[in-house]
> 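Handing you a structure now.
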Amino acid sequence: MKENIMLLLQILTVDFFTAFGLYSVLFLIISIFTKNSILYKIDEEATNFISFVGVIYFTIWIIGIFVFYFESNAEEQNLLLNRMFGKYWFGIWAQPILWLLITQLLRIKKVYKNLF
(Lines give C-alpha, C1' and ligand atoms only; values in the text may rest on other atoms or scores of the structure.)
Protein backbone atom coordinates (compact mmCIF):
# COMPACT_ATOMS: atom_id res chain seq x y z
CA MET A 1 0.00 0.00 0.00
CA LYS A 2 2.84 2.37 0.85
CA GLU A 3 4.45 1.79 -2.51
CA ASN A 4 1.20 2.48 -4.37
CA ILE A 5 0.70 5.79 -2.58
CA MET A 6 4.30 6.85 -3.22
CA LEU A 7 3.93 5.89 -6.90
CA LEU A 8 0.69 7.84 -7.21
CA LEU A 9 2.25 10.94 -5.61
CA GLN A 10 5.25 10.64 -7.90
CA ILE A 11 2.99 10.35 -10.95
CA LEU A 12 1.06 13.45 -9.93
CA THR A 13 4.22 15.42 -9.24
CA VAL A 14 6.25 14.42 -12.26
CA ASP A 15 3.62 13.87 -14.89
CA PHE A 16 1.01 16.51 -14.07
CA PHE A 17 2.81 19.33 -12.26
CA THR A 18 5.92 19.19 -14.45
CA ALA A 19 3.82 18.89 -17.60
CA PHE A 20 1.78 21.91 -16.53
CA GLY A 21 4.97 23.88 -15.97
CA LEU A 22 6.19 23.03 -19.46
CA TYR A 23 2.74 23.81 -20.86
CA SER A 24 2.79 27.20 -19.14
CA VAL A 25 6.10 28.14 -20.77
CA LEU A 26 4.79 27.00 -24.15
CA PHE A 27 1.55 28.95 -23.64
CA LEU A 28 3.51 32.07 -22.72
CA ILE A 29 5.57 31.86 -25.90
CA ILE A 30 2.58 31.14 -28.15
CA SER A 31 0.37 33.80 -26.54
CA ILE A 32 2.97 36.46 -27.33
CA PHE A 33 2.65 35.79 -31.04
CA THR A 34 -1.05 34.93 -31.37
CA LYS A 35 -4.25 36.08 -29.65
CA ASN A 36 -6.56 33.15 -30.38
CA SER A 37 -9.65 32.74 -28.15
CA ILE A 38 -9.46 28.94 -28.38
CA LEU A 39 -5.96 29.08 -26.93
CA TYR A 40 -7.24 30.96 -23.88
CA LYS A 41 -10.12 28.49 -23.41
CA ILE A 42 -7.62 25.63 -23.44
CA ASP A 43 -5.53 27.49 -20.89
CA GLU A 44 -8.55 28.01 -18.66
CA GLU A 45 -9.35 24.30 -18.75
CA ALA A 46 -5.72 23.41 -18.04
CA THR A 47 -5.62 25.67 -14.98
CA ASN A 48 -8.91 24.25 -13.71
CA PHE A 49 -7.51 20.75 -14.15
CA ILE A 50 -4.25 21.50 -12.35
CA SER A 51 -6.21 23.10 -9.48
CA PHE A 52 -8.13 19.86 -9.17
CA VAL A 53 -4.89 17.84 -9.31
CA GLY A 54 -3.50 19.98 -6.47
CA VAL A 55 -6.42 19.03 -4.24
CA ILE A 56 -6.04 15.36 -5.22
CA TYR A 57 -2.31 15.49 -4.45
CA PHE A 58 -2.86 16.95 -0.98
CA THR A 59 -5.63 14.45 -0.22
CA ILE A 60 -3.50 11.49 -1.27
CA TRP A 61 -0.58 12.87 0.75
CA ILE A 62 -2.74 13.08 3.90
CA ILE A 63 -4.07 9.56 3.30
CA GLY A 64 -0.48 8.40 2.80
CA ILE A 65 0.56 9.87 6.14
CA PHE A 66 -2.20 7.93 7.88
CA VAL A 67 -1.32 4.72 6.02
CA PHE A 68 2.37 5.08 6.88
CA TYR A 69 1.50 5.75 10.50
CA PHE A 70 -0.84 2.80 10.97
CA GLU A 71 1.35 0.32 9.05
CA SER A 72 4.44 1.18 11.12
CA ASN A 73 5.63 -0.18 14.43
CA ALA A 74 5.62 1.94 17.60
CA GLU A 75 9.16 3.26 17.11
CA GLU A 76 8.51 4.35 13.52
CA GLN A 77 5.21 5.94 14.57
CA ASN A 78 7.04 7.96 17.21
CA LEU A 79 9.70 9.04 14.70
CA LEU A 80 7.01 10.06 12.19
CA LEU A 81 5.18 12.15 14.78
CA ASN A 82 8.43 13.79 15.86
CA ARG A 83 9.24 14.62 12.25
CA MET A 84 5.77 16.00 11.54
CA PHE A 85 5.34 18.08 14.68
CA GLY A 86 8.89 18.44 15.98
CA LYS A 87 11.56 21.08 15.63
CA TYR A 88 11.79 20.86 11.83
CA TRP A 89 8.10 20.35 11.07
CA PHE A 90 8.19 22.72 8.09
CA GLY A 91 10.41 20.28 6.17
CA ILE A 92 7.61 17.73 6.09
CA TRP A 93 4.70 20.10 5.52
CA ALA A 94 6.23 22.64 3.12
CA GLN A 95 6.03 20.74 -0.18
CA PRO A 96 2.43 19.44 -0.01
CA ILE A 97 1.09 22.72 1.35
CA LEU A 98 2.90 24.70 -1.34
CA TRP A 99 1.60 22.40 -4.09
CA LEU A 100 -1.90 22.90 -2.72
CA LEU A 101 -1.66 26.67 -2.27
CA ILE A 102 0.01 27.39 -5.59
CA THR A 103 -2.49 25.32 -7.54
CA GLN A 104 -5.41 26.92 -5.70
CA LEU A 105 -4.09 30.41 -6.42
CA LEU A 106 -4.85 29.69 -10.08
CA ARG A 107 -8.55 29.84 -9.21
CA ILE A 108 -8.22 33.59 -8.54
CA LYS A 109 -8.82 35.48 -11.79
CA LYS A 110 -6.20 38.16 -11.07
CA VAL A 111 -3.51 35.53 -10.59
CA TYR A 112 -4.80 33.39 -13.46
CA LYS A 113 -4.81 36.27 -15.95
CA ASN A 114 -1.22 37.24 -15.10
CA LEU A 115 0.98 35.60 -17.73
CA PHE A 116 3.92 35.10 -15.40
Side-chain angles (χ1 to χ4, degrees):
M1 184 73 173
K2 292 179 185 181
E3 295 82 18
N4 292 340
I5 291 175
M6 290 300 294
L7 178 65
L8 189 55
L9 289 174
Q10 184 179 9
I11 288 171
L12 289 175
T13 304
V14 173
D15 293 344
F16 289 110
F17 292 141
T18 304
F20 182 75
L22 294 173
Y23 159 77
S24 296
V25 171
L26 182 65
F27 173 75
L28 175 65
I29 293 169
I30 291 174
S31 68
I32 290 172
F33 298 112
T34 183
K35 302 295 182 199
N36 192 347
S37 64
I38 296 173
L39 183 69
Y40 290 102
K41 288 180 184 179
I42 292 171
D43 185 51
E44 185 177 346
E45 292 299 321
T47 54
N48 288 339
F49 178 72
I50 204 67
S51 295
F52 178 69
V53 171
V55 172
I56 296 296
Y57 177 86
F58 190 74
T59 305
I60 292 172
W61 188 82
I62 293 293
I63 291 170
I65 290 293
F66 282 109
V67 168
F68 292 147
Y69 181 78
F70 290 117
E71 286 186 359
S72 301
N73 59 28
E75 183 180 342
E76 291 174 344
Q77 288 177 351
N78 193 19
L79 289 173
L80 179 65
L81 288 177
N82 284 337
R83 250 185 283 147
M84 289 179 57
F85 302 110
K87 186 176 179 182
Y88 299 109
W89 60 270
F90 54 86
I92 296 290
W93 292 97
Q95 181 184 6
I97 290 176
L98 282 175
W99 282 121
L100 178 68
L101 291 178
I102 289 171
T103 57
Q104 298 314 302
L105 280 176
L106 293 173
R107 293 180 187 256
I108 302 170
K109 287 292 183 189
K110 191 172 185 176
V111 175
Y112 163 70
K113 293 294 182 184
N114 188 354
L115 286 178
F116 296 106

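What's counted below: heavy atoms across the whole structure, side chains too, no hydrogens, waters or symmetry copies.
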> Is there a chain of hydrophobic side chains (I, L, V, M, F, W, Y, each step under 4.5 Å between heavy atoms) that links F66 to L79?
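No; tracing contacts between hydrophobic side chains, which count when under 4.5 Å, never links both residues.
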> Report the distance from atom CD1 of I65 to atom CD1 of I5, rounding to the nearest 0.5 Å.
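Interatomic distance, I65 CD1 to I5 CD1, rounded to 0.5 Å: 9.5 Å.
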> If you round to the nearest 0.5 Å, how far is CG of N78 from OG of S72?
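CG of N78 is found 11.5 Å from OG of S72.
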> Kindly give the heavy-atom pair with the smallest separation between F27 and L39, and that separation in Å.
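Nearest heavy atoms, F27 then L39: CE1-CG, 3.6 Å.
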> For L101 and L105, run side-chain contact (heavy atoms from CB on, under 4.5 Å): C-alpha distance rounded to whole Å, both residues' side-chain angles, the deciding distance at 0.1 Å, then the answer.
CA-CA 6 Å; L101 291 178; L105 280 176; 5.5 Å; no
> Counting only N and O atoms by type, is there a donor-acceptor contact under 3.5 Å from the side chain of K41 to the main-chain atoms of S37?
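Checked: no pair found.
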> Just by distance, do the side chain of T59 and the backbone of V55 share a donor-acceptor pair under 3.5 Å?
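Yes.
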> Tell me, do Y23 and D43 make a side-chain contact under 4.5 Å, heavy atoms counted?
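The answer is yes, as the side chains (C-beta and beyond) meet within the 4.5 Å cut-off.
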> When you look at Y40 and K35, which way does the side-chain contact (heavy atoms from CB on, under 4.5 Å) test go after all the steps?
CA-CA 8 Å; Y40 290 102; K35 302 295 182 199; 3.7 Å; yes
> Count I, L, V, M, F, W, Y as connected when their side-chain heavy atoms are under 4.5 Å apart, and connections chain through other members. Are I63 and L81 then in the same cluster?
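Same cluster: I63 reaches L81 through Ile, Leu, Val, Met, Phe, Trp or Tyr contacts under 4.5 Å.
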> Any chance you could measure F49, atom CZ, to L106, atom CG, to the nearest 0.5 Å?
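Reported value, rounded in 0.5 Å steps: 13.0 Å.
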> Minimum heavy-atom separation for F70 and Q77, please, with both atom names.
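Smallest heavy-atom distance, with atoms named: CA-NE2, 4.2 Å.
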> Working to the nearest 0.5 angstrom, can you tell me the gap between E45 CD and I42 CD1?
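Between atom CD of E45 and atom CD1 of I42 there are 9.5 Å.
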> Not counting sequence neighbours, which residues clear side chain to side chain donor-acceptor pair (under 3.5 Å) with Y69? List them please.
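Once residues adjacent in sequence are excluded, Y69 has no partner under the side chain to side chain donor-acceptor pair (under 3.5 Å) criterion.
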> Would you confirm whether W93, through its side chain, and M84, through its main-chain N or O, come within 3.5 Å as a donor-acceptor pair?
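Yes, because the side chain of W93 sits within donor-acceptor range (under 3.5 Å) of the backbone of M84.
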> Give me the atom names and distance for the closest heavy-atom approach of P96 to F58.
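Minimum heavy-atom separation between P96 and F58: O-CD1, 3.7 Å.
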> Donor-acceptor pair, distance only, cut-off 3.5 Å: does the side chain of T103 make one with the backbone of L100?
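A pair under 3.5 Å: yes.
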> Could you grab the distance from atom CG of N36 to atom CD1 of I30, nearest 0.5 Å is fine?
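Here the interatomic distance stands at 10.5 Å.
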> Starting from W99, can I reach I102 by hopping between I/L/V/M/F/W/Y residues whose side chains sit under 4.5 Å apart?
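Cluster IDs for I102 and W99 differ.
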> Report all side-chain donor-acceptor pairs from residues 8-22 shorter than 3.5 Å, counting only partners two or more places apart or in another chain.
{"residue": "T13", "atom": "OG1", "partner": "L9", "partner atom": "O", "Å": "2.8"}
{"residue": "T18", "atom": "OG1", "partner": "T13", "partner atom": "O", "Å": "3.3"}
{"residue": "T18", "atom": "OG1", "partner": "V14", "partner atom": "O", "Å": "3.1"}

> Once you round to the nearest 0.5 Å, how far does CD1 of I56 lie from OG of S51?
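That separation rounds to 12.0 Å.
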> Are F90 and L80 connected into the same hydrophobic cluster when the rule is that any two of I, L, V, M, F, W, Y join if their side-chain heavy atoms are below 4.5 Å apart?
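Hydrophobic grouping puts L80 with F90.
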> Quick one: list whatever passes side chain to side chain donor-acceptor pair (under 3.5 Å) with Q104, sequence neighbours left out.
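For Q104, the residues satisfying side chain to side chain donor-acceptor pair (under 3.5 Å) (neighbours in sequence not counted) are R107.
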> CD1 of I38: more than 12 outside heavy atoms within 6.0 angstrom?
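No, CD1 of I38 has 12 or fewer neighbouring heavy atoms, counting only those of other groups under 6.0 Å.
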